[in-house]
Enquirer: 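My questions all concern the structure below.
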Amino acid sequence: MANKMTREEAGQKGGQANSEKHGKEFYQEIGSKGGEATSKNHDKDFYQEIGEKGGQATADNHDKEFYQEIGEKGGEATADNHDKEFYQEIGQKGGEATADNHDKKFYQEIGSKGGKN
């Protein structure tokens with residue numbers, strides 16, 4: 001009697017066959033089409049909601065070391081891809097945004113806290 005294949009094994013076998021039949025470009029193309037269709041059918045709130053759910057799921061499944069590791073990798077990649085002027089520009093934009101959103105009292109408070117360290 002022949003061994004019966006489980007549903008999972010059959011799915012894996014079919015997936016492997018399709019992967020061999022179609023190349024990377026095929027999957028990139030259908031992924032791109034799916035992304036375009038999704039963006040036409042959903043608004044900003046949809047993306048905020050799924051982003052929040054994904055972020056929460058990630059937070060539930062990972063510890064502090066995970067975030068430290070991916071943060072370090074991201075920082076290294078950014079540093080490898082950008083020059084001094086990039087950092088000057090984003091620093092200036094951040095400073096301007098902070099100044100626009102805070103008053104003199106805010107700066108007095110953080111200055112006071114900074115002076116205590």
Enquirer: If you measure from CD on E85 to CD on Q92, what distance do you get to the nearest 0.5 Å?
Expert: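 Spacing of CD (E85) from CD (Q92) equals 12.5 Å.
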Enquirer: In Å, rounded to the nearest 0.5 Å, how long is the span from OG of S39 to OH of Y47?
Expert: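 Those atoms lie 5.0 Å apart.
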Enquirer: Got a second to check how far K104's NZ is from E109's CD, nearest 0.5 Å?
Expert: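 CD of E109 is found 13.0 Å from NZ of K104.
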Enquirer: Mind checking the CG-CD spacing from D45 to E52? Nearest 0.5 Å is all I need.
Expert: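 The CD atom of E52 is 11.0 Å from CG of D45, to the nearest 0.5 Å.
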Enquirer: Answer yes or no: is there a side-chain heavy-atom contact under 4.5 Å between F46 and T38?
Expert: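 Answer yes - side chains close enough.
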Enquirer: Give the minimum heavy-atom separation between F66 and T58, together with the two atoms involved.
Expert: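 In terms of heavy atoms, the two residues are closest at CE2-CG2, 3.9 Å.
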Enquirer: Taking atom NZ of K13 and atom CD of Q16, what is their separation to the nearest 0.5 Å?
Expert: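 The NZ atom of K13 sits 11.0 Å away from the CD atom of Q16.
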Enquirer: Got a second to check how far K33's NZ is from Q28's CD, nearest 0.5 Å?
Expert: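 It is 13.0 Å, given to the nearest 0.5 Å.
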Enquirer: Report the C-alpha separation of E36 and K40 in whole Å, then their side-chain angles, then the decisive distance to 0.1 Å, and conclude whether the salt bridge (Lys or Arg N to Asp or Glu O under 4.0 Å) test is met.
Expert: CA-CA 6 Å; E36 288 175 21; K40 289 178 183 176; 5.3 Å; no
Enquirer: Determine whether a donor-acceptor pair (N or O, by modelled atom type, separation under 3.5 Å) exists between the side chain of Y67 and the backbone of H62.
Expert: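 Flag not set: sc Y67 to bb H62 has no pair under 3.5 Å.
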Enquirer: Are the side chains of F106 and T98 in contact, using a 4.5 Å heavy-atom criterion?
Expert: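 Yes; the side chains approach each other to less than 4.5 Å.
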